[in-house]
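Data block below; observations after.
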Amino acid sequence: MIKAALIFNNHGKPRLTKFFTYYTEEMQQQIIRETFLLLSKREDSVCNFLEGGTLIGGSDFRLVYRHYATLYFVFCVDSSESELGILDLIQVFVETLDRCFENVCELDLIFHMDKVHYILQEIVMGGMVVETNQTEILTHIEAQQRIEKQEAGIFKPSGRMGGAPARALSAAKSMAPNVNLPKLADLQNISLPSFKKL
Amino acid sequence: MPRTGDSMRGLAVFIADIRNCKSREQEKKRINKELANIRSKFKGDKQLDGYQKKKYVCKLLFIFLLGNDVDFGHMEAVDLLASNKYTEKQIGYLFISVMMHHSNDLYKLVIQAIKNDLSSKDPVHICLALTCIANIGTPEMAEEIGDEVPKILTSPDTLHGVKKCAALCLLRLFELKSDKFIHAELSSRLIALLSDQHLGVVTSACSLIQALVTANTVEYKGCVSLAVSRLSRIVSSTDLKDYMYYFIAAPWLSVKLLRLLQSYGQPTDSAVYERLKESLETILNRATDPPKSKKIQHTNAKNAVLFEAINLIIHYDSDAALMVRSCNLLGGFLNSKETNLRYLALESLTKLAVSDFSRKAVMKHQETVVQALKNERDLSVRQRAVDLLYAMCDRDQAEEIVGELLAYLEKADYSIREELVLKIAILAEKFAQDYKWYVDVVLNLIRIAGDYIADEVWYRVTQIVINRDDIQAYAAKTVFEALQAPTCHENMVKVGAYILGEFGNLIAGDERSGPIVQFKLLHSMFHLCSNQTKYILLSTYIKLINLFPEIKGDIEEVLGNDNQLRNSDAEIQQRAMEYTKLSQIASSDLLATVLEEMPQFTERESSLLAKLKKKSNTLVKERDDGDNTSLQNGSSPVEVERGLPSRPPPPEVNLVELNVELSSAPVDVGGSSLLDLESPSGTAEIPEPALESGTPQDSPVLNNYSAPPAAVAAAPPAPAAEPSLLDMFGGAPPATDPTKVQVVTGLIECNEAAQPNFKAFICSRNNGILFENEIIQIGVKSEFTGFEGKLQVFYGNKSPLPLQGFNTTLFISPKDQPSLRLEGQKVTLLISAGAQIPQTIKATAVAAFGETPLLQISFSAAGTAHTMVLRLPLLVNKFCKGTGMGAQDFFMRWKNLNLPAQECQKVFKASRPMDNDLVKGKVQGFGFQVLEGVDPKPDNLVGAGIIVCEGSQVGCLLRLEPSKPAQMYRMTVRSSREGVPELLVNLLSQDL
């Protein structure tokens, strides 16, 4: 079972936290902090699994993570999951994000937190994997967005997110698998006008 | 307010604001402002529309993500659930699954909303509701919605997208309320999902079935063949369309199926197994194929399946060829560039190392693993290498592997040192062929990693030295040399103090380590040590007085020094004071008795193993299991072979006794302080060793002693913690001799059914089998002379495993407490496979006793605790001696015994054919002399006997009148002692 899916950046700022077992809010924050401390001192060449921190359950649990540019994607899993399988899953998750947001970057996750949650929901539900097939996941997301647009009464693509799935689908097979997330430094001073362009 | 579809402008502004904040305070301020704003909006008079609610809820989510408490907005989120707009519903569900937990009052409303959505026609709404349950299900939900979900899941009309959600939803509900979802009809339909066309559904169903299988293995057995055929189809296909992931067919599902198969043993149906084996072989074959893509994802997915296949092969542990192949593949990964692969390969090899099939194949990689230990940059990989070395270590490799581990210890990460120390100590002890080597290794451990030595490690080395005469001199010499080093860890001082105190005399012949040299060396450390160590040193000093009377003066000076006598620490004061007095007052003989050499420690499960287990290392458990298998295979483990203390220690038995003794005695010398001392590391971990190691041997010890809880609790953690003090008290005339079997006055339940043949012991039989099952055979031989009886109980181990923690206790009924006295030798703790050990029990009849004493036997075999309570054939009639007399004499005596209490009569049905000679034989065997020609009726039987007790003799007369037509007897017994007639009638009537 997947106990938690966490995304935080190189500074430990959470960008997505989803716990599939109940922890108090305070505990959640502590777990995020602990996980960040455990991961941040690891070099990129070392292996992608490690024993979980004490807060989340110690050595019965493994943290499986990938570090993409500015972001850490961390899944905390119990012994019933295959580590390499989870790595694949993270890859599917990131690739899906990349297709939905077109070259996903940290900012996308910040401003579309709800969308990120929905995408994760298509992949992991209640701590278990629902779907690993990207095409299927994207079809679902696309369907959701159609409804969304209908409900908002606007049918032309209104933002990056809106136009993304269609393009993503067409480009799906040719997509580069390794997402290159822009460096945080580039985005530090984002101001509204540039955001409006989105 | 301008609305731009899904992108909520207000939210974006707020997020941008937060991101522009220069400081934490500024951010906090902005958040508080926003919270206040949202709160006022929610409370305001103006009705909010769905969009606004959605926006605010989204903001709250963001605020929450940043680590701030959000304590409102739940109501608004619940309102959103009821919206008929999908997006609003969606955000409502999101908020609830992220922020709400089931203590919330609004939960009823949530359940209602979920119910509504489940019955909706729109599949996306159903999915939302199902997802919500899967994420945050509660028992109430299981109760209220539980029936709905299986219907959705198994209905043929359900879309596969919904089915996937329903399967995982059901999984959560099952975890909450398992009994609700176990019935045969459902299980067959769920198993059928494994053949669903849609692989996504199969994936979810696999997770669901995996969980159900653990609760109901038998009912779901059908899933094995379906899983095998599904797996086989996936493995053999090259094009699964969307489920090809970087050229690998459905890797996720394959892994899931392989996991599911690990819930069961190897399929018994040979066709199914052949099919599975084919798939496994294909997976192994592919591992060496050239990669179809250079992408890391390709190899990753391929190996994910491969590792899981190997796990299944290890799980079956039956096919040598597959296991050896797995070993070789994994060995190849040890040199891979991918750290992940090296890590996983080491981990899988650790599992393979404990199987007899693959052990040898794993050994081939020892060199590479040692290299990994030296060169690997990643700590967690190094740790796996340590685990593997620990698992693959055997007697031949022990010296080399321990050497490598010791070398690694010097530079190992601090966080793993303690565990590493434990592992080295265990290996050294387990595989030592020469105990000098063992002593060297442990002293090396203390030298290299003194700070990381758990107390158990140094307790253990002292125990082993005490138990083995042949290394005592060597240990004393080595530790003496170690203490001479310029810097010396305090743990070394502890070991040194203890060993020199016991065996310093063995090296005193050499001038360089003469008595005074030893003492001065130890005392030179005294001021540097903690109080704990000082206590031990003081005890060592008094022992040195005993060993070397010639330096008594020097030592008394130290003991009597004000630094000790007026030390701020009460314990130091007390010890110094008591030891000074002891040395001054006691004669050298008394001193020698009090300070006698420590008796050998009894053997139990190693406290080290227990400690390592406590470090929650599953590998250790596997390792242990591995040992058991090797045992079963007949290669007896080292510890049994040499009777060596690998399953050892602590002298808890003695301790408990002592503590009971001390705490109940008025002497307040040691009572409380002893207890305090013995738990130097704090009370928190006290009960753990016993519980943790699960040693069933512990319980009988604790149960048998009706010791005050405090004393019992203090006992376990103190193996040799305070050996010296103990030693001293242990040497004093003990109230309970540890070599004697425990005799308890008390009641205990006895399982009569276990001894169907016990009746045979009443008359005639003195020898025979008391009890027998597949593990143990208990026989008894007895002899009675006068008021004394001698019983020899033989315990034979019929199992192929040793019986450990063997302990026996005798129970005398409180009613018989003064009437019967029992005394016996204690039995050894361990009975090796096939061995038989005797136990002698002496019985003294003080007066006529009523109940048979009970024998409680407890031991553990193959990890299971056994306790049995048996009746001992120690009956009052065994002390009865027949006596002859004439008819006149008999009737005169009979008439004299005319008080009601002096007679007992019983009419009962015959339980066997009423043959005169047989009955006569029984009565004679019972202890009466049959008097011929007394009773005019020839069938009637008359007897007389005397029960011989210590200090009194009880005469008994018997009259037995059989009535053949009715198949009945009338038995009358008269006796001079009240109560005795009943006893005899009850006994004898049982066997006629």
Side-chain angles (χ1 to χ4, degrees), chain A residues 14-18 20 22 25 29 32 43 45-51 58-60 80 82-85 87-89 91-92 110-111 113-114 117-118 121 125-126 128-136 140 143-145 147-149 151-152 154 158-159 161-162 177 189-192 195 198, chain B residues 3-7 12-13 15-16 19 58 61-62 64-67 69 85-87 90-91 94 98 101 124 131 134-135 137 161 164-165 168-169 171-172 199-200 203-204 207 210 242-243 245 251-252 255 259 295 297 300-301 303-304 307-308 339-340 342-344 377-378 380-381 616-617:
Chain A
R15 292 310 177 206
L16 170 101
T17 60
K18 176 80 186 165
F20 295 101
Y22 175 71
E25 286 91 39
Q29 290 300 324
I32 296 166
E43 295 168 45
S45 63
V46 302
C47 82
N48 294 98
F49 342 111
L50 67 156
E51 285 185 357
S59 54
D60 291 343
S80 70
S82 144
E83 289 92 345
L84 287 176
L87 272 186
D88 285 344
L89 195 71
Q91 181 67 22
V92 170
I110 298 170
F111 285 100
M113 190 188 56
D114 48 338
H117 267 290
Y118 301 146
Q121 229 160 59
M125 180 187 291
M128 292 291 170
V129 175
V130 220
E131 189 55 78
T132 52
N133 168 7
Q134 258 183 53
T135 321
E136 171 109 6
H140 276 247
Q144 280 176 24
Q145 275 157 9
I147 303 173
E148 212 167 298
K149 271 182 265 166
E151 287 181 353
I154 295 167
S158 62
M161 186 67 192
N189 291 315
I190 182 147
S191 52
L192 267 178
F195 175 69
L198 303 176
Chain B
R3 294 182 191 176
T4 50
D6 62 313
S7 51
V13 174
I15 294 174
R19 289 178 52 77
C58 232
L61 271 173
F62 185 76
F64 178 76
L65 176 71
L66 292 178
D69 267 350
K85 283 195 175 173
Y86 176 74
T87 42
Q90 198 183 20
I91 198 102
L94 178 59
V98 172
H101 49 91
V124 287
T131 311
N135 283 334
K164 283 189 300 192
C165 300
L168 293 180
C169 175
L171 167 58
R172 167 56 68 101
L199 290 188
T203 310
S204 303
S207 301
Q210 174 95 59
D242 290 336
Y243 281 89
Y245 176 83
W252 247 96
V255 167
R259 275 279 153 121
K295 297 264 161 51
Q297 280 75 22
N300 236 356
N303 290 327
F307 275 107
E308 215 46 67
T339 318
N340 293 342
R342 295 198 300 270
Y343 178 99
L344 292 173
R377 287 172 63 204
D378 187 340
S380 48
V381 181
S616 81
N617 194 329

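On a predicted model such as this, the values are computed, not experimentally measured, just so you know.
In terms of modelled atom types and a separation under 3.5 Å, the side chain of A/Glu151 and the main chain of B/Thr87 share a donor-acceptor contact.
Most heavy-atom pairs under 4.5 Å with chain A, from the set B/Leu65, B/Leu171, B/Leu61: that is B/Leu65. Highest contact tally toward chain B, considering only A/Val92, A/Leu87, A/Val129, A/Ile32, is held by A/Val129 [criterion: heavy-atom pairs under 4.5 Å]. Looking only at heavy-atom pairs under 4.5 Å with chain A, the residue among B/Phe307, B/Phe64, B/Tyr245 that has the most is B/Tyr245. For the set B/Ile91, B/Leu344, B/Asn303, B/Val255, the count of heavy-atom pairs under 4.5 angstrom toward chain A peaks at B/Leu344.
Both the backbone and the side chain of B/Gln90 come within contact range of chain A, judged by heavy atoms closer than 4.5 Å. Only the backbone of A/Leu16 comes within contact range of chain B, with at least one heavy atom under 4.5 Å from a heavy atom of that chain. Of the two parts of B/Leu168, only the side chain, counted from C-beta on, holds a non-hydrogen atom closer than 4.5 Å to a non-hydrogen atom of chain A. For a residue to count as touching a neighbouring chain, one of its non-hydrogen atoms must lie under 4.5 Å from one of that chain's; by this rule B/Leu199 does not touch chain A. Contacts between B/Leu94 and chain A at a heavy-atom distance below 4.5 Å involve the side chain alone, from C-beta outward. In this structure, the portions of A/Ile110 lying under 4.5 Å from any heavy atom of chain B include both its backbone and its side chain. When heavy atoms are compared at a cutoff of 4.5 Å, B/Cys169 does not approach chain A at all. Contacts between A/Met113 and chain B at a heavy-atom distance below 4.5 Å involve the side chain alone, from C-beta outward.
Looking only at atom types and distance, the side chain of A/Gln121 has no donor-acceptor partner in the side chain of B/Thr131 under 3.5 Å away.
Between B/Ser380 and A/Glu51, every side-chain heavy-atom pair lies at or beyond the 4.5 Å cut-off. Contact annotation: the side chain of B/Arg342 never approaches that of A/Cys47 to less than 4.5 Å [non-hydrogen atoms, C-beta and beyond]. Residues A/Met128 and B/Gln210 fail the side-chain proximity criterion, which asks for heavy atoms closer than 4.5 Å.
Across every non-hydrogen atom of A/Met125 and B/Cys165, the tightest pair is CE-SG, 3.3 Å.
Rounding to the nearest 0.5 Å places CD of A/Glu83 at 8.5 Å from CD of B/Glu308. With rounding to the nearest 0.5 angstrom, the CG atom of A/Asn48 is 4.0 Å from the CG atom of B/Asn340. Atom-to-atom distance recorded for B/Lys295:NZ and A/Gln91:CD is 10.0 Å, nearest 0.5 angstrom.
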